[in-house]
Amino acid sequence: MSSRIPLIVCLVAGLIMFLQYFSAHPVARAMFNQVNDWWQIIFAFTLFVGVAAFMNNSMRAIRRGKERPFKTVSLLALISMPLLAIIGGTKIGSPFLWTFDNLQAPMQATVFSLLAFFVASASFRGFRARNLQATILLVAALIVLLGRMPIMAYLSDTIPELTYWIQDYPSMAARRAILIGIGLGSMTTALRVILGLERTYLRGQ
Amino acid sequence: MRTSSLRLIVLFAVILPLSSFLIASPIIAADSPQTETAWFDRRTLPALIASLVSIAAVLYAVWVIGRKKHLFIREIPGLKAVEEAVGRATEMGTAIVFTPGYGGDIQRPTTIASMNILSNVAEKTASYDCRLIYPTHDPVIMAVAQEVVKEGYIKAGYPDRYNPDDIFYISSSQFGYAAAVDGIISRTRPASVFLLGTFEAESLIMAETGNAIGAIQIAGTDSTIQLAFFIVACDYTLIGEELFAASGYLTNDRVILSTVKAQDILKLLIAVFVLVAVIWSTLNPSSDWWKF
Amino acid sequence: MNNQKIRWTIFASLFAVIVVSYIITLKWRIPTSPSVQKSYDLIESLPPSSMVIVSFDHEASSLPEIQPISYIILRHLFSRNQRVIGMSLFAEGTAIGYQTLNKLAAEYGKKYGEDYVFLGFKPQHISAILGMGESIRQVFPQDYLGNYLAEIPLMSGVENYRQIAAVISLADGDRTVQWIEYTGKKHGLTILGGFTAAMITTYDPYLSSGQLYSAVGGIVGAAEYEGILGLPGKANRALLSQTAAHIFIVLLVIAGNIAYFKRRKGGK
């Protein structure tokens, strides 16, 4: 019985949200708004769960002496940002925004910029003319790389045009096919969950 | 009590948004004017038809195809390699890192599909006594993953080997999460890395770090752009829908396998529709009945 | 050379290429792509005082790439006297959006609450996007500064998407997909995107199907926009280093293949 209740809740909630989409009636709209509010409230509570678990985990690791410097920095950051926001507010010129602009933003941008370096090393390793298919891929990649260069517009019309062609036709066709597959996969997974056929998220009951 | 309330939170967090995915997948709308207070909004008629056809296909597959003796599903190398990845980590005495990517919330079907694989991996790591590290960016995913892994360890018969501290929430910030996972991979040097879920720009950062330490990497995502990165940097890549088929493939569950067949039926219907529309619009360029 | 050494050599060389090329200041005018031109034309065609939602759907990490896009689009909007409703679907986008809007509004002498407003952040983006279609006030009862929306002159008469001329989603991920899927057809909203270069191709299918009206992608897109408006800025400055990095990667691919064929020949 205990495993049936969540499945019934799942079916009813899923059906309500599904059916309300097709109705413009005020009752359906009001119900939708109500569910939306619940959704926001539930999410707020899950954040507490995450923060509590993170603090718990970090404190235990610090006590055990495992990865102590990393965990200490994480905990300090976790505590200091809300504190700064509570004490000094979040308006322009506040310590919170100063910390955000001068510490958080540059640090995150640094991690994002790693992408450029990894793209370079992956290109070096991955784009090899091993066989016919790989050679076609390599040539297409080189054309797109060259065509996306702003300077190429001064040197040739053909390569940028070819780039657009590759992106708009062969590449687009392949991506659309994958997207249709993903869309159908998403939909059947959603249906499996709503119909109670997929239960892994409930410990596989 | 704590677990049951957590499960209820998770349940609502999954179901409410998930039903909107059901609608968003075939999202289409007609041009007819909307009736402000009608019980049925006529603009949604094409979406309703598409949804009903999809539901019918799934039910047909479950009730009719599911009864057949043999349900063939082609081999998926990435999933076949799960055993090898866990075995390698056990042999080398190192851990396995499994992460679901930054792009997915628990309501996202990709995340649910990734949980199915996690469940299978957890059973294997429990049997081999191999450490499984699961960092995530979402507290709900963390809670679900803890339950899924715990269940996997119980199923394998080794509940005592389960360590909830290894399944943890890091940060809801994309590159905070990416940096932390990179750090974990660099410090623990796992023999195998599973990158399965919805990934965004962090995909290559993680995959290249795993590649640099020589880990065997199994990746899969529904993001077409990140797939390109994974194919270059990982050993096995599950392309889009292969991730959704994983649950049936790994468990051999007939019901789930038959819903995978339903996907094929729907894909065939879409292909026929596209073909008819292409021929029609070629013969009659001014026609637009297929546009909605 | 082992793999690790090759990797470090590539990283160091790329770093050097980018730094050196960034030092050189070169102002150039590049041709405008159709998608950027379409974005520009749409904003030009909107009647003055149209309501435009600008959603800062990105994090601080992508600021160097997204900021030139948000700056040039907001400059265009404010110069055309459009009214801007700022918001964010990312917690981090809140601080960014608030500061960006204030900075650009000050450049054009715009007044908070009359010409622009910043609603702040709402978690659970799908729920927020769907909810705003019913009632913006229900999703955001107050703005970022705590003022009730009912008391803000700009928001009087703004109930839901029906009063909105366009949504501009500045994203480093797939948040714009949710704007497209949940509002595009259902509410008939015109959606423009501003994306990082890494994400722009994700949106190609939506662009070609018309579900996404147009997009400004990465540094190149921002530089093209700067070019149309005649306001060369950060994006224009970064063009040279981006081009240099592209050339470097092309050379790397060629070098990788030469090394591969040499090794294969040696192996035989």
- Under 4.5 Å to a heavy atom of chain A? For B/Ile239 that would be side chain
- Message: Test side chain to side chain contact (heavy atoms under 4.5 Å, CB included) on A/Val111 and B/Gln174; report intermediate values, then the result.
- Response: CA-CA 10 Å; A/Val111 181; B/Gln174 182 179 17; over 6 Å; no
- Item | Part of B/Leu59 lying under 4.5 Å from any heavy atom of chain A | side chain
- Taking every heavy atom of B/Ser173 against every heavy atom of A/Gln108, the minimum-distance pair comes out as OG-NE2, 2.9 Å
- Query: Does A/Ser186 use its side chain to pair, donor to acceptor, with the backbone of B/Pro109 at less than 3.5 Å?
  - Reply: no
- Message: Heavy-atom pairs under 4.5 Å with chain A - which of B/Glu241, B/Lys267, B/Arg187 has more of them than the others?
- Response: B/Arg187
- Task: Taking all heavy atoms of B/Val232 and all of A/Ala122, pick out the closest pair and write down the distance.
- Result: CG1-O, 3.4 Å
- Taking the side chain as every heavy atom from C-beta outward, state whether A/Leu191 and B/Thr259 have any pair of such atoms under 4.5 Å apart. no
- Contact winner vs chain A - B/Asn211, B/Thr110, B/Leu243, heavy-atom pairs under 4.5 Å: B/Asn211
- Could you tell me which portion of B/Ser119 (side chain, backbone, both or neither) has an atom closer than 4.5 angstrom to a non-hydrogen atom of chain A? side chain
- Query: Say you draw a straight line from OG of B/Ser172 to CZ of A/Phe54; how long is it, rounded to the nearest 0.5 Å?
  - Reply: 10.5 Å
- Query: So B/Asp41 and A/Arg29, salt bridge (charged side-chain N to carboxylate O under 4.0 Å, His left out) or not? Walk me through it.
  - Reply: CA-CA 12 Å; B/Asp41 181 351; A/Arg29 299 294 95 206; over 6 Å; no
- Item | Side-chain heavy-atom pair B/Leu266, A/Met187 within 4.5 angstrom cut-off | yes
- Message: Counting C-beta onward and ignoring hydrogens, is there a side-chain heavy-atom pair between B/Asp165 and A/Arg64 closer than 4.5 Å?
- Response: yes
- Nearest heavy-atom contact between B/Ala38 and A/Ser23 is O-OG, 3.8 Å
- Task: Sort A/Glu67 into side chain, backbone, both or neither according to what part of it lies under 4.5 angstrom from a heavy atom of chain B.
- Result: side chain
- Message: Please find the pair of heavy atoms, one from B/Tyr169 and one from A/Gly50, that lie closest to each other, and give the distance.
- Response: CD2-O, 3.3 Å
- Message: Listing request: all side-chain hydrogen bond (donor to acceptor under 3.5 Å, both in side chains) pairs with a residue in residues 123-149 of chain A, at least two apart in sequence or in separate chains.
- Response: A/Arg125-B/Glu208
- Message: Using heavy-atom distances under 4.5 Å, tell me whether A/Leu115 contacts chain B through its side chain, its backbone, both, or neither.
- Response: both
- Item | Under 4.5 Å from any heavy atom of chain A - which part of B/Val149 | neither
- Item | Mutual orientation of the aromatic rings belonging to A/Phe112 and B/Phe175 [parallel < 30°, tilted 30-60°, perpendicular > 60°] | tilted
- Query: Can you list every pair that meets salt bridge (charged side-chain N to carboxylate O under 4.0 Å, His left out) and has a residue in residues 86-100 of chain A, with sequence neighbours left out?
  - Reply: none
- Supply the atom-to-atom distance B/Ile270 CD1 to A/Leu184 CG, rounded to the nearest 0.5 angstrom. 4.5 Å
Anything under 3.5 Å between a donor and an acceptor, one on a side chain of residues 71-78 of chain A, the other on a protein residue two or more places apart or in another chain? List them.
unit_1	atom_1	unit_2	atom_2	d
A/Thr72	OG1	A/Arg68	O	2.5
A/Ser74	OG	A/Phe70	O	2.7

- Straight-line distance of B/Leu204 CG to A/Leu114 CG, nearest 0.5 Å: 10.0 Å
- Note on the structure: Interatomic distance, CD1@B/Ile170 vs OG@A/Ser58, rounded to 0.5 Å, equals 10.0 Å
- For A/Arg175, is it the side chain, the backbone, both, or neither that has a heavy atom closer than 4.5 Å to a heavy atom of chain B? both
- Task: Enumerate by number any residue of residues 223-231 of chain B whose heavy atoms lie under 4.5 Å from heavy atoms of chain A; in the absence of such residues, state 'none'.
- Result: B/Thr224, B/Ile225, B/Leu227, B/Phe229
- Task: Indicate yes or no: at least one non-hydrogen side-chain atom of B/Phe40 is less than 4.5 angstrom from one of A/Phe22.
- Result: yes
- Task: Check each atom of B/Asp253 against the heavy atoms of chain A and say whether the ones under 4.5 Å are side chain, backbone, both or neither.
- Result: neither
- Item | Shortest non-hydrogen separation from A/Ile182 to B/Gly240 and the atoms involved | CG1-CA, 3.5 Å
- Identify which of B/Ile256, B/Val255, B/Thr136 forms the greatest number of heavy-atom pairs closer than 4.5 Å to chain A. B/Ile256
- Task: Identify the two heavy atoms, one from A/Thr188 and one from B/Val58, that lie closest to each other, and give their separation to 0.1 Å.
- Result: CG2-CG2, 3.7 Å
- With a 4.5 Å heavy-atom cut-off, do A/Val27 and B/Trp39 have their side chains touching? yes
- Does some side-chain heavy atom of B/Ile55 sit less than 4.5 Å from a side-chain heavy atom of A/Phe18? yes
